Amino acid sequence: MTKMFKIALPDGSVREMPEGSTPADVAAAIGPGLAKAALAAKVDGEVRDIMRPFEGDASLALITSRDEKDALELVRHDFAHVLAEAVQNIFPGTQITFGPATDDGFYYDFAPAPGRGPFTEEDLPVIEEEMRRVIAADKPLVREVWDRERVRRFFIDHGETFKAEWVMELPEGEPITMYKTGHGEADWMDLCRGPHLASTGKLDPSAFKLTRVSGAYWRGDPKNPMLSRVYGTAWLNKKQLEAHLVRLEEAAKRDHRKIGQEMDLFHLQGEAHGSVFWHPNGYIIWRQLEAYMRRRLDAAGYLEVKTPQLMDARQWERSGHWGKYRENMFIVPDEIPHGSDDEDTDEQPILSGDADLMALKPMNCPAHVLIFNQGIKSYRDLPLRLAEFGCCHRNEPHGALHGILRVRQFTQDDAHIFVTEDQLVDEVVEFCDLLDSVYRDLGFDSYAIKLALRPDKRFGSDEMWDWSEQSLRDAVAATGRNTEQFGWEELPGEGAFYAPKLEFHLTDAIGRTWQVGTIQTDTVLPERLDASYIGEDGQKHRPVMLHRAIIGTFERFLGILIEHYAGKFPLWLAPVQVVVTTIVSDADDYARDVATKFAERGIRVETDIRNEKINYKVREHSLKKVPLLLVVGKREAEEGTVALRRLGSEERQLVMTVDEAISMITEEAVAPDLKRS
Ligand SMILES: [Zn+2]
Ligand SMILES: [Zn+2]
């Protein structure tokens, strides 16, 4: 008798299916529409091939293109296989290595055939054509389970040395899955965990585009051979692809590195990988933002501190960073100078090998606990909110760095709040309100709130986790922002190893999201560094520590701001707010007088009295994104007026008296928080 499996469906119904049947059979039994639409299956929560037989009783949810996140990942992975097959069809002798799905598509790393050289952009159209052919052939993607030795022999026989090397690192004895594209003996195969769609024909041939090529080391190690990486973007349909390409084009126009150069804000150079050289214009924006944040924190009861850049290795051992974090820390030997001032000596300081080690701080948390630990704290001192615009260093591979968005030296708007357990929810509510107001002031009306829950590997008891997760959940509920409008979502498994956290994701002007804000509870570090306060009961208690940031880091946030505004900053942030420019040289003195009056009122003003055509000057200042131009000629000089032009405005210029212009512009230039007060 055939064995029957009980398959539970999302609607609560249960179907009996004979052994050997697959999710595709269930889809077909439900109806032909679903059979066609189903791309893959979630079996007991795991995404699997739709043709993979059930192994016993199971719960089943069929994945269709409506389940966008899962569907996109499957489709992108399939495209990577199709790309690899297409490349090997056209360029025999090319070796395959790895090809995962990415956030907007896929890539595949190839070792080009000997003597062929790396792939170039010119190869892409030909490869795309071949990919369309593979898709049109509607080849099945078949999962097979092999043992390791068979996989190794297969790849060696096919001249695939990279794959043969890799498979030997998989655990011996465990079954390995191979995916075959097609039915026949000589079909294309890749070592792959899967899952995949049932056939290449499930892909939309108009929903992908190969975008670029780059070099990438085998397994990311510069000691290994350089491979040739081909990138593509892939979507469920043509409409999604086109929308994405428009977004890319828009993003390229807003690229902070391009605008940073046009506006002369900052630069980066190889002598200081991942550390930003802020130019005067860029640092003005930084200072405005910092002054704004400082006012908001002062008003919210934070106390600002400044802590050491270098601390002893022993301190990092105590806080646990040395063990977990060392490879990201910059280590500095504490070399002791010989210090004989009056002697002319060639003696060197004690050499690194003998010196004690110190490290540049990768985060401010331990130093803030050390401040908390000075003197005895009572429950009356709590909540204690210690803030620092803390400059930190973290070592990252050069390849991971990206403009000012991903750097090695950065300044956080960091703060740590020490609270009693009873104060936690209220304090998180206050933080959420402050953050909401800051984001709106800075021009972001839309953001999402997510709660990252306990990961598998974690510190602390389940009780502690239940309590912290529920506290954060309660706090967001109390603000009324646990709604769809705020993208409220709980993310299982994504919390830090010591605590859950709230994440705040901004949506920018072109719909991209950026995680910037965060608040997380921590009972581990207060324990490790023995922080305590005297409670109402006269006993010692551990405070709970909240790590929190609103804008995250200044560098990254300024990069986001540049791209969000495309350089067209609101007046209070703009580096140069006003340029007074002349039509004729007769008005030079008048232009200087007008500029002086603005400068006296604290407006950041420049004059442009170069003997150039006015249209040329206007174009140049609009490229530099100067918000306001005051054009003056002979007539304005005689009448004491200016002609005002706004950046990007189609309106005709507005003529007004100098006093009118000053009062209008000084009012507009006030920071949003000061406007309210
Ligand atoms: Zn694969
Ligand atoms: Zn912290």
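For ligands, and for the atoms within them, numbers begin at 1 and follow the listed sequence. Everything numeric here is computed off the predicted structure, so don't read it as measured data.
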Contact check, side chains of H321 and M311, non-hydrogen atoms, under 4.5 Å: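 No. Closest side-chain heavy atoms not under 4.5 Å.
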Shortest non-hydrogen contact from F79 toward D204: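 Between these two residues, the closest heavy atoms are CZ-O, 3.6 Å.
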Is [X] salt-bridged to [Y], going by a charged N under 4.0 Å from an acidic O?
{"X": "R454", "Y": "D466", "answer": "yes"}
{"X": "D312", "Y": "R314", "answer": "yes"}
{"X": "E290", "Y": "R294", "answer": "yes"}
{"X": "K42", "Y": "D70", "answer": "yes"}
{"X": "K450", "Y": "E494", "answer": "no"}

Residue-atom pairs from the protein, N, O or S only, that lie under 2.8 Å from the Zn ion (ligand 1):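 The answer is H77 NE2, H81 NE2, C192 SG.
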Over 12 foreign heavy atoms within 6.0 Å of CD, E169: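 Atom CD in E169 is packed in, count exceeds 12.
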Quiz item: cation-pi between R152 and W166, 6.0 Å / 45°: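 Because its charged atom misses either the 6.0 Å distance or the 45° angle limit, R152 does not stack over W166.
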Under 2.8 Å from the Zn ion (ligand 2), the protein N, O or S atoms, given as residue and atom: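 Sorted hits: C365 SG, H416 NE2, H547 ND1.
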